[in-house]
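Convention: sequence-line order gives letters A, B, ...; per-chain numbering from 1.
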Amino acid sequence: MQLKIHNLRFSYPQQQFTVKADHLDLQPGLTAMIGENGAGKSTLFKLLGGLVTTHQGKITVDQQPLKDFLKTERARKIGLAFQDPDDQFFNSSVKKEVEWELRQLKVPAKKQSETVTAVLKETNLSQQAQQNPYDLSLSDRKLLSIATVLAPNPQIALFDEPMIALDWPSQQLVSHIFTKLAKRGHTILVISHNLDWVAQNVPQVIVMGRGKVIFAGKTRDFLHQPTLVKKSNLLLPKVTRLTMALGINPPQYRL
Amino acid sequence: MAFNSKIVFSHVSVSYPAASQPALKDFSIRLTNKHIIGIIGNSRAGKTTLCHLLAGTLPKMVDGEVSGHYQINQWSPQQDWGVYNHQTGVVLQDASSQLTSFTETVADELAFNLINRGIQSQQIKKKVRRVAQLFGLTNQLTLSPAALSGGQKQRLAIASVIVTDPAILIMDDPTSQMDPRGRQIFFHWLQQTTALVFITSYEVDALAEVADELWLMDKGQLVDHGTPFAVFNRFTSPRIKHPVCWQLAKKMGWVLPTDGQSYPVNYQQLEEAFHAAQDS
Amino acid sequence: MQNKSTSHHPLWKITLSPATITLIPVAVGINYVAKAFAEGLKLPVWLGSLGTFLASMLGGPLAGAISGFTNNIIYSLTLSPMSGVYSITSIAIGLTVGLLFARGWFKTKKCILLAALVIAVISAVISTPLNIIFYGGQTGIVWGDTVFALLVGHHFPVWVASFLDEFMLDILDKIVVAYLAAFIYHQLPQRLISFFKKVR
Amino acid sequence: MTTLTWFQRFDPVTKLLLILCLGLASFVIPTLTINWLLVFILFLLAISIGKLSSLVKILSFSLFFIATMIIVQGLVNPGNHTLLWRIEILNFYKEGVNYALLLGSRLLTIVLTTFFFIATTSVTENARYLESQGIAFKKVYMFISVCYILPQMMANLHQIKLAQRARGIGQQKSWLYRFKMLFPILVPLVVKTLDQAMTRAIALQLREYDNPQRQPQPLIHHYLLARFNHYLLSILIIMLGGMKVWLLIQK
């Protein structure tokens with residue numbers, strides 16, 4: 001599925017800050033949205049998820065305006081995970097938390113338990129299935145919020161800083177899940193600060209700065225423009241910085 | 001710089017009520033003259049519990065059963081809490097909730113600890129200005145703390161704690177919300193402090209640069225400790241992230257000339273290994 | 001008097017521990033937000049005592065009473081000036097919830113219903129004289145007041161009509177709040193319960 | 001420094017005593033006209049402060065309520081005898097309407113005096129004043145933090161609503177559905193708020209908020225005759241209270 005932006009303008013009431021994007025195509029595959037604190041990533045994220053609809057311009061999903069979607073239809077097609085996992089849990093167990101998602105979207109009962117088991121296994125939470133979500137560690141709560149997005153198998157999935165607070169094995173797990181979904185043709189957008197991870201795993205980037213899209217395209221093309229990286233107040237991948245400091249050629253970006 | 005610190009943990013265990021597993025198991029270590037101690041490990045390793053012990057908030061405020069003996073410099077965080085707390089600065093995991101929430105400006109927030117200590121208002125102003133500059137908050141001094149971004153709030157939480165020049169700093173993942181620039185500023189500052197620092201972080205690259213001691217924890221136990229160099233070269237499991245320096249050097253076969261088999265963990269060592277490889 | 005369930009947490013002890021001091025503003029905040037949220041959903045309940053309920057459950061009857069009192073005083077000084085007089089009702093609600101909770105009345109579904117009934121009666125008994133003094137017996141909620149007008153029109157004594165007006169509104173509200181509070185309490189992670197219950 | 005409005009020259013405690021004093025006075029005064037004269041004067045003073053939008057907001061609910069009281073009491077008050085108006089089949093009686101108007105004037109007196117307090121006193125001002133009066137910061141904190149917790153909780157509420165909307169909760173008409181919607185919103189809200197409160201409670205102790213050396217911050221305004229006002233108003237309140245009791249006994 002394609003997510004397209006056309007002449008988008010948005011600002012919160014009584015605030016100066018405006019998010020602008022003239023043209024943006026989000027194709028199937030894995031895309032990262034990067035930029036410094038306060039660049040407008042989270043706002044664009046909510047707009048793309050169809051949660052904020054008071055904008056000017058158009059956002060379409062396969063040519064259909066996102067505004068016209070019914071709520072459940074939108075939720076079935078687009079999954080979102082916010083930065084703080086604690087914004088969403090209210091069921092008495094991890095299993096029920098994932099199940100609720102499916103019931104909400106009216107997935108047939110038979111399929112529900114199958115899906116829940118599979119998703120918990122995929123996110124390595126099977127052992128905690130019966131626990132109160134709030135008794136999990138922060139890293140596992142974060143995984144659980146990702147699991148609730150994965151459960152209905154949305155064609156488009158958006159994640160706000162999914163790697164923050166994850167420990168190393170979980171980061172690798174999540175990274176692996178994203179890549180797998182992207183290969184299957186899902187449209188995955190991930191907000192991240194971590195250019196090390198982006199350079200290694202994400203082929204497409206959208207770079208935000210002061211509410212505007214500074215760059216959208218291949219990760220490699222962005223990383224080959226050090227001035228642009230500097231302008232967006234980000235740091236090149238550590239490996240690049242190290243090799244440059246040593247005075248040798250940095251390794252080629254694969255993506 | 002020579003640091004005059006003394007850290008003793010002897011058979012310390014911690015259990016939380018209604019938890020099946022102890023959060024900290026038989027933790028023992030004895031160290032002197034350390035400056036920055038980095039605490040690393042995966043989720044449920046016991047890092048936050050350790051921070052609460054070091055801050056003295058466990059068992060005083062956080063409910064838990066603590067056994068064993070521990071001491072930092074001349075103080076026991078448990079028995080000498082009042083005196084000890086006066087010497088420490090603590091940044092909790094959820095830094096934005098650590099702010100008072102009732103100050104109207106960033107400057108007031110930075111002044112809070114100083115006002116509590118009864119310091120003269122002239123001095124307060126001076127100290128607030130200095131610490132704001134240190135953490136890039138000068139332009140935000142008149143803003144409301146609520147208006148700051150996550151990364152800025154974290155910087156504010158740190159700044160409002162170090163404004164009293166504590167002798168001991170305890171920080172639980174203090175940079176999680178910061179962007180790369182903010183992180184760079186923070187770790188650069190950390191290196192300059194004269195305090196004894198305990199810091200948990202997933203930023204192994206930065207820790208390898210600044211820490212002179214690393215504690216590797218897993219499931220409540222101390223798995224290994226020593227310099228970052230020693231720990232990362234001894235413990236090569238893929239379950240622990242290694243510094244990019246180490247990964248790069250390993251890939252390129254750049255070993256350190258001193259022992260001919262270990263890989264560098266920080267830039268200085270990397271240069272050394274690189275030049276040694278070039279020479280041979 | 002011996003009571004096992006309260007041995008760890010003396011019912012009547014109120015030291016203004018830092019935990020209690022932060023619990024009270026939170027309770028007031030929950031009252032406010034829950035009320036605003038119920039209004040937004042156009043539900044026929046107020047939910048304005050949810051925070052007081054939770055404070056009583058976590059911090060004991062006195063913490064609940066102080067939360068209720070503070071709630072109404074702050075309300076009257078910020079949003080609705082007349083709510084100050086109902087602080088007496090809120091104190092009573094806080095005390096009652098705390099006592100009933102300590103005696104295990106919030107453990108089963110049936111007990112919760114009974115507890116809600118007791119709380120609604122107490123709340124209405126205390127509010128009625130206040131309604132009569134200040135509002136001639138009305139509550140300001142249209143359908144409650146319609147009943148009031150009908151009853152008084154049929155020559156029922158004002159205090160009976162006023163009590164029924166108040167009680168009708170209270171009972172539904174308190175049932176919903178009691179179930180909601182019990183459910184939320186059950187969901188709370190252990191670390192929070194032991195933090196706010198800890199006596200220092 | 002900007003010039004102070006006349007009401008800012010009084011300290012918070014004086015203002016609170018004034019609310020109590022005028023509220024009691026409206027209960028003691030039996031005459032409808034005098035009561036409404038008092039309301040009228042207070043109303044003019046309230047307008048002089050400015051902040052008209054919040055005045056309108058605070059008055060609109062009271063006025064609506066007074067209207068319902070006039071209707072209900074006018075129709076069914078047990079003391080009704082003298083017919084005042086007749087609208088279709090509804091008879092409004094003088095006694096009931098007068099009773100409602102009396103209650104209404106008391107309500108408005110309290111609402112308007114409280115408005116002075118709300119419109120002219122900041123939370124910081126209250127906090128500093130209380131602390132300067134020797135109240136421990138701990139207790140001051142309890143009161144002031146309520147005012148600051150609300151915006152924070154509203155922000156949390158907003159974020160939680162977004163997160164749950166992303167998971168597919170919508171708006172449905174049925175009451176049962178709307179009752180069910182309380183759980184996904186209120187559970188995370190309470191847990192998150194309590195969690196933040198726990199962190200804050202720990203942090204405040206780490207930051208030595210109860211250190212006896214803490215210096216109260218200087219007052220924001222210089223107040224006129226604070227002590228004198230307190231005594232004067234306290235005496236007035238006692239006298240008015242006494243009068244009310246006496247009037248009740250007389251009946």
(Q) For B/Glu104, which atoms come within 4.5 Å of any heavy atom of chain D: side chain, backbone, both, or neither? (A) side chain
Q. For B/Leu92, is it the side chain, the backbone, both, or neither that has a heavy atom closer than 4.5 Å to a heavy atom of chain D?
A. side chain
Q.
Please check this pair: side chain of B/Asp172 against backbone of B/Leu50, looking for a donor-acceptor N/O pair closer than 3.5 Å.
A. no
Q) Would a distance-only check, ignoring hydrogens and angles, find a side-chain to backbone donor-acceptor pair under 3.5 Å from B/Asp173 to B/Gln93? A) no
Q. For the candidates B/Thr88, B/Thr103, B/Leu99, which exhibits the highest count of non-hydrogen atom pairs separated by less than 4.5 Å from chain D?
A. B/Leu99
Q. Side chain, backbone, both or neither: which part of D/Gln152 has a non-hydrogen atom closer than 4.5 Å to chain B?
A. side chain
Q.
Under 6.0 Å between ring centres: does that hold for D/Tyr129 and D/Phe10?
A. no
Q.
Under 4.5 Å from any heavy atom of chain D, what part of B/Thr57 do you find: side chain, backbone, both or neither?
A. side chain
Q) Out of B/Ala55, B/Gly56, B/Ser160, which one racks up the most heavy-atom pairs below 4.5 Å with chain D? A) B/Ser160
Q | Ion pair check, B/Asp165 and B/Lys127, cut-off under 4.0 Å | A | yes
Q. Salt bridge check: are B/Glu109 and B/Lys153 linked by an N-O gap of less than 4.0 Å?
A. no
Q. Among D/Glu208, D/Gln215, D/Gln213, who wins on heavy-atom pairs under 4.5 Å with chain B?
A. D/Glu208
Q.
Under the side-chain contact (heavy atoms from CB on, under 4.5 Å) test against D/Ile237, which residue among D/Leu18, D/Leu22, D/Leu20 passes?
A. D/Leu20
Q | Part of D/Leu206 lying under 4.5 Å from any heavy atom of chain B | A | both
